[in-house]
Q: 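Input: one structure, supplied below.
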2 protein chains.
Amino acid sequence: MSAKMIRYYEEIGLIKAARRANGYRDYDANDVSVLQFIRRTRDLGFSLEEVANLLALWRDRKRPSRDVKKLASQHIEDLERRMRAMRAVVRTLKTLADHCHGDERSDCPILDDFASAPAKKAARKHAHA
Amino acid sequence: MSAKMIRYYEEIGLIKAARRANGYRDYDANDVSVLQFIRRTRDLGFSLEEVANLLALWRDRKRPSRDVKKLASQHIEDLERRMRAMRAVVRTLKTLADHCHGDERSDCPILDDFASAPAKKAARKHAHA
DNA sequence: GCTTGACCTTCCCATTATGGGAAGGATTAG
DNA sequence: CTAATCCTTCCCATAATGGGAAGGTCAAGC
């Protein structure tokens with residue numbers, strides 16, 4: 001975690017840092033664990049806005065665990081949605097690549113598709129290809 | 001595809017647009033197919049930089065299809081890499097969520113993990129948890 | 001005690017792809 | 001002719017991060 005990011009997190013209000021007399025930032029053990037929390041949640045793909053919500057839940061020790069689980073579940077669903085979309089794209093690209101010679105010849109079904117397929121998704125379910 | 005984006009694509013040199021006498025942009029059938037090409041490749045997750053490369057290959061009708069296939073394959077691998085990472089995150093989050101009551105009680109293994117897991121990936125293979 | 005290097009600070013800029021909105025000119029409908 | 005609509009350019013904002021300049025501070029060496 002870069003110093004730049006720590007300053008940025010402070011700027012957007014995610015963390016508050018005490019300063020020493022000389023203006024240098026000073027982090028106690030608690031500040032450090034907040035930073036680790038941020039690092040961990042960022043690594044798990046939560047946006048900084050979501051991290052802020054999770055931090056709030058973490059700090060409020062009386063909140064129902066349901067609230068936390070809900071945020072986590074929503075994030076899981078978001079990731080799964082995005083993975084489904086990516087998988088569809090990969091399928092399409094693999095099909096195209098499979099039909100491309102991939103040699104010295106210049107004709108290429110990949111570019112042919114890029115140049116001509118409006119790809120309306122639902123409409124393409126019954127399109128010819 | 002918004003007018004804003006068309007202007008932006010022109011600005012970064014992806015497309016060139018003829019102007020009418022009054023300064024209005026004018027797109028002929030060829031310009032439109034370039035725009036459709038961009039739309040299609042963007043929908044398939046290529047970055048604008050990659051789109052520019054693909055467009056160059058498209059315009060150079062003598063390039064070997066191998067070059068096109070290579071770009072497509074790299075993009076597929078990139079997507080698969082990202083999907084693997086996301087899948088790992090989803091697995092982790094699901095495990096955490098499974099162990100969370102998700103009710104009125106406040107204790108929550110999800111936040112406990114966020115607060116304590118440095119998650120060193122390789123190092124964690126043998127970590128205690 | 002002073003110099004030097006390492007580290008800290010703030011401030012500004014760039015990135016990627018997109019949208020919002022203002023100010024003003026062109027065209028078209030009535 | 002006027003009013004609405006469409007076009008233009010220009011500036012700003014977004015999310016999360018990095019780069020780098022200009023300047024203050026601290027610690028080590030002599």
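In what follows, chains are A, B, ... by sequence order, proteins preceding strands, each numbered from 1.
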Q: Would you say A:V32 ends up clustered with A:V51 if hydrophobic residues are merged whenever their side chains have heavy atoms under 4.5 Å apart, either directly or through other cluster members?
A: yes

Q: For a quick test of reading the model, state the closest non-hydrogen atom pair linking B:L44 to A:V89 and the distance between them.
A: O-CG1, 3.3 Å

Q: Which residues pass the side-chain contact (heavy atoms from CB on, under 4.5 Å) test with A:M83, sequence neighbours left out?
A: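 For A:M83 the side-chain contact (heavy atoms from CB on, under 4.5 Å) partners, ignoring immediate neighbours, are A:R87, B:M86, B:R87, B:V90.
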
Q: Output the residues of residues 7-23 of chain B in contact with DNA chain C, where contact means a heavy atom of the residue under 4.0 Å from an atom of the strand; sort by number or write none.
A: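 Those residues whose heavy atoms fall under 4.0 Å from DNA chain C, taken from residues 7-23 of chain B in numerical order, are B:Y8, B:Y9, B:N22.
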
Q: Would you call B:D43-B:R40 a salt bridge at under 4.0 Å N-O?
A: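 Between B:R40 and B:D43 there is no salt bridge, as every charged N stays at least 4.0 Å from the carboxylate O atoms.
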
Q: Which atoms of nucleotides 3-5 of chain D (N or O only) lie under 3.5 Å from a protein N or O atom, and what are those distances?
A:
none

Q: Please enumerate all residues that pass salt bridge (charged side-chain N to carboxylate O under 4.0 Å, His left out) together with A:E80, with sequence neighbours excluded.
A: B:K94

Q: With a 4.5 Å limit on heavy-atom distance, are the side chains of A:L93 and B:L79 in contact?
A: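 Counting from C-beta outward, A:L93 and B:L79 do come under 4.5 Å.
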
Q: Which nucleotide span of DNA chain C, 5' end to 3' end, has atoms closer than 4.0 Å to non-hydrogen atoms of chain A?
A: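 Range of nucleotides touched by chain A: C:dC7 to C:dT10.
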
Q: Would you call A:I6 and A:Y27 a side-chain contact if the rule is heavy atoms closer than 4.5 Å?
A: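 Of all side-chain heavy-atom pairs linking A:Y27 with A:I6, at least one is under 4.5 Å.
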
Q: Do B:I110 and A:L71 come within less than 4.5 Å of each other through their side chains, counting heavy atoms only?
A: no

Q: For B:R59, enumerate each residue passing the salt bridge (charged side-chain N to carboxylate O under 4.0 Å, His left out) test, keeping only those at least two apart in sequence or located in another chain.
A: none

Q: Taking the side chain as C-beta and beyond, is there a heavy-atom pair between A:R42 and A:R39 under 4.5 Å?
A: no

Q: Counting C-beta onward and ignoring hydrogens, is there a side-chain heavy-atom pair between A:R25 and A:R19 closer than 4.5 Å?
A: yes

Q: Heavy-atom contacts under 4.0 Å between residues 27-35 of chain A and DNA chain C, which residues?
A: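 Those residues: none at all.
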
Q: Taking the side chain as C-beta and beyond, is there a heavy-atom pair between A:Y8 and A:L48 under 4.5 Å?
A: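 Yes, their side chains come closer than 4.5 Å.
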
Q: Identify, residue by residue, the members of residues 44-59 of chain A with a heavy atom below 4.0 Å from DNA chain D, and return them in order of residue number, or none.
A: A:S47, A:L48

Q: For residues 44-84 of chain A, pull every pair meeting ring pair (Phe, Tyr, Trp, His ring centres under 6.0 Å), keeping only residues two or more places apart or in separate chains.
A: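 Non-adjacent pairs meeting ring pair (Phe, Tyr, Trp, His ring centres under 6.0 Å): A:F37-A:W58, A:F46-A:H75, A:F46-B:F114.
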
Q: Under 4.0 Å: is that the gap between some side-chain N or O of B:R25 and OP1 or OP2 of D:dT8?
A: yes

Q: If I compare all heavy atoms of A:L35 with all of A:M1, which pair ends up nearest, and what's the gap?
A: O-CE, 3.8 Å

Q: Taking all atoms of both residues into account, what is the closest heavy-atom pair of B:D31 and B:D26, and its distance?
A: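 The pair with the smallest heavy-atom distance is OD2-O, 3.6 Å.
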
Q: Can you list the residues that meet the side-chain contact (heavy atoms from CB on, under 4.5 Å) rule with B:T95, with sequence neighbours excluded?
A: B:H99

Q: Please work out which residues in residues 71-88 of chain B have a non-hydrogen atom less than 4.0 Å from an atom of DNA chain D and list them by number.
A: none

Q: Taking only distance into account, with no hydrogens and no angle test, what donor-acceptor pairs under 3.5 Å do side-chain atoms of residues 61-70 of chain B form with protein atoms, sequence neighbours excluded?
A:
from: B:R63; atom 1: NH1; to: B:L57; atom 2: O; distance (Å): 3.0
from: B:R63; atom 1: NH1; to: B:D60; atom 2: O; distance (Å): 3.4
from: B:R63; atom 1: NH2; to: A:S106; atom 2: O; distance (Å): 2.1
from: B:S65; atom 1: OG; to: A:G102; atom 2: N; distance (Å): 3.2
from: B:S65; atom 1: OG; to: A:D103; atom 2: N; distance (Å): 3.2
from: B:S65; atom 1: OG; to: A:D103; atom 2: O; distance (Å): 3.3
from: B:S65; atom 1: OG; to: A:R105; atom 2: O; distance (Å): 2.9
from: B:R66; atom 1: NH2; to: A:E104; atom 2: OE2; distance (Å): 2.0
from: B:K69; atom 1: NZ; to: A:A97; atom 2: O; distance (Å): 3.2
from: B:K69; atom 1: NZ; to: A:C100; atom 2: O; distance (Å): 2.9

